[in-house]
Participant: 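Okay, here's the structure, questions in a sec.
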Amino acid sequence: MGNQTGVLDFLLLGLSDQPEQQQFLFRLFLGMYFIGTLGNLLTILAICFDSHLYTPMYFFLANLSFLDLCFTSTTVPKMLINYLLGSNAISYVECLTQMYFYIVFGTSDSILLSAMAYDRYLAVCRPLHYGTVMTSRLCALLVTVPWVSAHLIAMIHSIFIDHLSFCRNNKIPHFFCDVNTLMKLSCSDIHINEMLVLFLGGPVVLIPFICIVASYTSIISAVWKVPSAHGKWKAFSTCGSHLSVVTLFYGTVIGVYFNPTSTHTTQKDMIGTVMYTVVTPTLNPFIYSLRNNDLKGALGKLLGLKHFSKRRL
């Protein structure tokens, strides 16, 4: 570690400093974390144990569920432990480690969502070429690229944050260690760090978002040309779950990071962050399973529930 200041720990101020509210938040986030973890684990297991789901779409979905599981596990357990113990301390090393993996899983999530949009574009707009284009090799590449890119970006941010000095305030007005909050605490020159956030963070959100918009523009155009209403619904229903997840994720991320600074408040930013780091990963398995009969059938078989294991033909 290259920290120049001798700072041993930070204080995570969390979402509230009121004991009654902290008890409520502990129960709320414990419940959400349990439900989200169970939902994502069941989704992964259902896909792994049902050979009917060995397709690119479910391969990406299993990876998304794994990322969501890791994403929430990076921040929520530490917050729950602090609420339980009545402490808000996090060591310097823990803080940088948390920041590193938060960047890794958040970045991977963003890029993987664009890969899933490309998969849906091929399935709807190029169905005859889908099998030859979306090969297992391409699927592996589309999953590997987010992981490698995310680790490189996280490593660069961690190295430059580690060289900052924290000589005055060690109170983080957040429930986890974020790059932006750590920069604001530093008494060093952070211009390079701010440029890194702009040049590394901006493309990670904007490029996948543009790719998703382009993919769904083509999908909507193709679906609109389908003559029957039933055909339109059937074609678009394969994309509805993914579109819902994308809207939840990018809607809150853009609201937190790409709004004018004058509109930002600590409370608004934390609520937005909770939405895309906790709420969205918790809802994702339910969004996909409720709208997908094949996945519901696989979950039914996994849990031994005959009612849900009946697929619609």
Side-chain angles (χ1 to χ4, degrees), residues 40-41 43-48 50-72 74 101-156 200-220 222 235-250 253 276 280-281 284-285 287-289 291-292 294-295 298:
N40 283 303
L41 279 175
T43 300
I44 294 169
L45 291 174
I47 293 171
C48 289
D50 192 331
S51 59
H52 294 94
L53 303 185
Y54 289 0
T55 63
M57 182 178 76
Y58 294 107
F59 173 72
F60 292 131
L61 178 56
N63 279 274
L64 179 66
S65 295
F66 177 73
L67 284 175
D68 285 341
L69 180 61
C70 295
F71 198 25
T72 54
T74 302
F101 285 106
Y102 171 80
I103 295 172
V104 167
F105 298 125
T107 300
S108 300
D109 224 335
S110 177
I111 301 174
L112 183 61
L113 285 173
S114 66
M116 294 174 74
Y118 177 66
D119 172 72
R120 293 299 83 206
Y121 160 77
L122 287 177
V124 175
C125 301
R126 300 287 186 271
L128 298 179
H129 300 91
Y130 182 79
T132 56
V133 175
M134 193 56 69
T135 61
S136 57
R137 183 175 181 179
L138 180 59
C139 290
L141 181 64
L142 290 174
V143 168
T144 303
V145 168
W147 278 100
V148 174
S149 304
H151 278 286
L152 288 175
I153 292 170
M155 191 179 301
I156 293 170
L200 295 179
V204 163
V205 175
L206 294 178
I207 292 177
F209 181 71
I210 291 170
C211 292
I212 290 169
V213 170
S215 296
Y216 275 100
T217 300
S218 300
I219 289 171
I220 292 171
F236 194 71
S237 63
T238 63
C239 310
S241 300
H242 180 253
L243 189 58
S244 301
V245 170
V246 166
T247 302
L248 279 172
F249 181 82
Y250 281 102
V253 168
Y276 76 83
T280 301
N284 283 355
I287 292 173
Y288 276 100
S289 62
R291 297 178 60 91
N292 190 304
D294 287 333
L295 185 55

Participant: Hey, would you say the Y54 and F59 ring centroids sit under 6.0 Å apart?
Facilitator: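 When the ring centroids of Y54 and F59 are compared, they turn out to be at least 6.0 Å apart.
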
Participant: What I'd like to find out is whether the side chain of L113 reaches to under 4.5 Å of the side chain of P208, using heavy atoms alone.
Facilitator: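 Sidechains of P208 and L113: no contact.
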
Participant: Taking the side chain as every heavy atom from C-beta outward, state whether L295 and I47 have any pair of such atoms under 4.5 Å apart.
Facilitator: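 With C-beta onward as the side chain, the pair touches.
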
Participant: To the closest 0.5 Å, what do you measure between CG (L64) and OG (S108)?
Facilitator: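 Reported value, rounded in 0.5 Å steps: 11.0 Å.
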
Participant: So which of N284, T43, T280 actually passes side-chain hydrogen bond (donor to acceptor under 3.5 Å, both in side chains) with D68?
Facilitator: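 Only match with D68 under side-chain hydrogen bond (donor to acceptor under 3.5 Å, both in side chains): N284.
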
Participant: Could you check if a side-chain atom of F71 sits within less than 4.5 angstrom of a side-chain atom of Y102, using non-hydrogen atoms only?
Facilitator: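 Yes, at least one pair of side-chain atoms sits under 4.5 Å.
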
Participant: Any side-chain heavy-atom pair from I212 and Y216 closer than 4.5 angstrom?
Facilitator: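 Yes, at least one pair of side-chain atoms sits under 4.5 Å.
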
Participant: Is the shortest side-chain heavy-atom distance between Y130 and P56 below 4.5 Å?
Facilitator: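 A side-chain contact exists here, since the closest heavy-atom pair is under 4.5 Å.
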
Participant: Measure the spacing between OG of S215 and CE of M116 and express it to the nearest 0.5 Å.
Facilitator: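 S215 atom OG to M116 atom CE measures 12.0 Å (nearest 0.5 Å).
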
Participant: Please name the pair of heavy atoms, one in T132 and one in T135, separated by the smallest distance, quoted to 0.1 Å.
Facilitator: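 Looking at all heavy atoms of both residues, the shortest contact is O-CG2, 3.3 Å.
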
Participant: Might you point out which heavy atoms bring A62 and I44 nearest each other, and give the distance in Å?
Facilitator: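 The pair with the smallest heavy-atom distance is O-CG1, 3.7 Å.
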
Participant: Taking L69's backbone N and O only, do any of them form a donor-acceptor pair with T72's side chain (distance below 3.5 Å, no angle check)?
Facilitator: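 Yes: the side chain of T72 pairs with the backbone of L69.
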
Participant: Side-chain contact test, heavy atoms from C-beta onward, threshold under 4.5 Å: evaluate it for F101 versus C70 and give yes or no.
Facilitator: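 Counting from C-beta outward, F101 and C70 never come under 4.5 Å.
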
Participant: Mind checking whether W147 and F66 have parallel, tilted or perpendicular rings, split at 30° and 60°?
Facilitator: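 The arrangement is tilted - the two ring planes meet at 30° to 60°.
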
Participant: Answer yes or no: is there a donor N or O on one side and an acceptor on the other, between the side chain of S110 and the main chain of V204, under 3.5 Å?
Facilitator: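 At least one qualifying donor-acceptor pair exists.
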
Participant: Kindly give the heavy-atom pair with the smallest separation between F105 and L67, and that separation in Å.
Facilitator: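 Closest approach of F105 to L67, heavy atoms only: CD2-CD2, 3.9 Å.
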
Participant: From H151 NE2 over to T107 OG1, what is the distance, rounded to the nearest 0.5 angstrom?
Facilitator: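 These two atoms lie 10.0 Å from each other.
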
Participant: Can you tell if the side chain of C139 reaches within under 4.5 Å of the side chain of M134, non-hydrogen atoms only?
Facilitator: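 Of all side-chain heavy-atom pairs linking M134 with C139, at least one is under 4.5 Å.
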
Participant: Could you tell me if the side chain of S149 sits less than 4.5 Å from the side chain of I111, heavy atoms only?
Facilitator: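 Yes; the side chains approach each other to less than 4.5 Å.
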
Participant: Rounded to the nearest 0.5 Å, what separation is found between the CD1 atom of I210 and the OG atom of S114?
Facilitator: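 Rounded to the nearest 0.5 Å, the CD1-OG separation comes out at 11.0 Å.
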
Participant: Locate the shortest heavy-atom distance separating A115 from F60; write the atom from each residue and the value.
Facilitator: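 Reported closest heavy-atom pair: O-CE1, 4.4 Å.
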
Participant: Taking atom CZ of F209 as the centre, does the number of heavy atoms from other residues, nucleotides or ligands within less than 6.0 Å exceed 12?
Facilitator: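 Not more than 12 within 6.0 Å, no.
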
Participant: So which heavy atom on L112 is nearest to which on P146, and how close?
Facilitator: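 Looks like N-CG, 4.2 Å.
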
Participant: Applying ring pair (Phe, Tyr, Trp, His ring centres under 6.0 Å) to Y250 and Y276, what does each step give before you reach the verdict?
Facilitator: CA-CA 8 Å; Y250 281 102; Y276 76 83; 9.9 Å; no

